[in-house]
Amino acid sequence: MTAWSQETLTLLAHTVHYALVAGGLIGLGWLLVPQLVTPHGSRAARHVADAAPRDPFEARVAALRTAAAHGRLATLEPPAPVAPAPASTSALTARTLPRDVALLLPLAVVSSTAAAGVHAAMGPLHFREATLFGLFFAGAALAQLGWTALVLRSVTPALLRAGVALNLGCVVLWAATRAWGLPLGLMPTPEPVGPWDLAAAAWELGVVAACAALLRARPPTSYAGLRLPAWVDWHRGATTTAVVSVLALLVLSLSGAGG
């Protein structure tokens with residue numbers, strides 16, 4: 001491989017890595033800012049909505065309190081029937097969206113993307129060690145990003161099994177290089193464990209666990225039309241994982257830690 005092509009691949013790997021970190025930070029801001037900067041009018045509207053009676057019992061209690069305050073408790077007429085207040089869209093979503101869709105699917109997507117960010121970040125370093133190692137890291141990053149893109153389009157059992165095989169294979173290979181090295185003189189001695197590879201292994205195991213749980217939770221005939229839900233409908237655990245993953249990639253990128 002010529003020096004020019006190696007420099008090009010190194011630049012591409014850095015571009016993918018920092019694009020993932022920047023995209024994660026933008027997504028993190030999109031996730032948190034609306035909750036931190038809530039208009040006062042919206043809060044007042046939510047307060048009024050919460051204060052409205054939701055059933056006849058609450059309407060009766062509210063009427064009794066009002067009558068007692070004005071000294072006409074004895075002449076209180078029975079209140080007219082009150083229709084139950086409609087549940088909010090978010091409440092309906094929380095009740096109706098299956099847990100495997102709201103939690104496991106976002107976990108798999110977030111973990112695969114984060115693991116791809118690690119492989120892209122470590123690609124240039126391994127290109128300098130050996131072209132074969134650099135190509136492996138570039139291929140792993142592209143495979144994990146490609147898998148994420150396919151999952152965003154549609155989810156199938158075959159795609160989930162591919163996610164398990166891809167990420168489990170990466171974890172097994174990583175464990176072998178840290179325990180024994182590689183044969184044929186590729187890596188005569190084991191490499192030390194570093195923060196980047198520990199993070200990648202954790203995210204890859206997250207993909208494996210989430211995909212395996214999805215395969216167990218859903219029968220093969222239930223995947224028609226299955227898609228990743230909007231981030232506002234994610235389970236809190238998936239949202240927390242996304243935030244922690246973005247911050248972890250950012251800290252690793254700024255720390256200068258080796259892989």
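Everything quoted here is computed from the prediction, not taken from an experiment.
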Query raised in the report: Between Leu173 and Phe136, does a side chain to side chain contact (heavy atoms under 4.5 Å, CB included) hold up when you go through it step by step?
Result: CA-CA 11 Å; Leu173 181 60; Phe136 168 79; 3.5 Å; yes

Report summary line: Applied to residues 205-218, the salt bridge (Lys or Arg N to Asp or Glu O under 4.0 Å) test, sequence neighbours excluded, yields Asp100-Arg218

Query raised in the report: Can you tell me how far the CG atom of Leu182 sits from the CE atom of Met187, to the nearest 0.5 Å?
Result: 4.5 Å

Which side-chain N or O atoms in residues 148-160 pair as donor and acceptor under 3.5 Å with protein atoms at least two apart or in another chain?
| residue | atom | partner | partner atom | Å |
| --- | --- | --- | --- | --- |
| Thr148 | OG1 | Ser112 | OG | 3.1 |
| Thr148 | OG1 | Gln144 | O | 3.0 |
| Thr156 | OG1 | Leu159 | N | 3.1 |

**Report entry** Side-chain donor/acceptor of Thr131 to backbone N/O of Phe127, under 3.5 Å
**Finding:** no

Report summary line: Here the gap from Leu145 atom CG to His119 atom NE2, rounded to the nearest 0.5 Å, amounts to 11.0 Å

Query raised in the report: When rounded to the nearest 0.5 angstrom, what distance separates OG1 in Thr239 from CH2 in Trp234?
Result: 6.5 Å

Query raised in the report: Does the pair Leu132 and Leu186 meet the rule for a side chain to side chain contact (heavy atoms under 4.5 Å, CB included), with working shown?
Result: CA-CA 9 Å; Leu132 181 61; Leu186 293 174; 4.0 Å; yes

Report task. Measure from the side-chain N and O atoms of Asp197 to the backbone N and O of Val193, and report whether any donor-acceptor pair falls under 3.5 Å. Result -> no

Query raised in the report: Once you round to the nearest 0.5 Å, how far does OG1 of Thr241 lie from CG of Leu103?
Result: 7.5 Å

Requested in this report: Give the minimum heavy-atom separation between Gly185 and Pro188, together with the two atoms involved.
Outcome: O-CD, 3.9 Å

**Report entry** Working for side chain to side chain contact (heavy atoms under 4.5 Å, CB included), residues Trp203 and Leu249
**Finding:** CA-CA 11 Å; Trp203 280 315; Leu249 278 176; 4.0 Å; yes

Query raised in the report: Say you draw a straight line from CZ of Arg161 to CG of Leu214; how long is it, rounded to the nearest 0.5 Å?
Result: 12.0 Å

Query raised in the report: Nearest heavy-atom pair of Ala179 and Pro190: which atoms, and what distance?
Result: O-CG, 3.5 Å

Report task. With rounding to the nearest 0.5 Å, note down the distance linking CG in Leu104 to NE2 in His235. Result -> 9.5 Å

Requested in this report: Compare every heavy atom of Ala200 with every heavy atom of Ala115, then report the nearest pair and how far apart it is.
Outcome: CB-O, 4.4 Å

Query raised in the report: Which atom names give the shortest non-hydrogen contact between Leu107 and Ala238, and what distance separates them?
Result: CD2-CA, 4.0 Å

Query raised in the report: Taking only residues two or more places apart in sequence or in another chain, which ones pass side-chain contact (heavy atoms from CB on, under 4.5 Å) with Pro183?
Result: none

Report summary line: In terms of heavy-atom contacts, Val110 and Ser245 come closest through CG1-OG, 3.8 Å

Query raised in the report: Of the non-hydrogen atoms in Val101 and Pro106, which two are nearest, and what is the gap between them?
Result: O-CD, 3.1 Å

Query raised in the report: Under 30°, 30 to 60°, or over 60°: which ring-plane class applies to His126 and Phe137, parallel, tilted or perpendicular?
Result: parallel

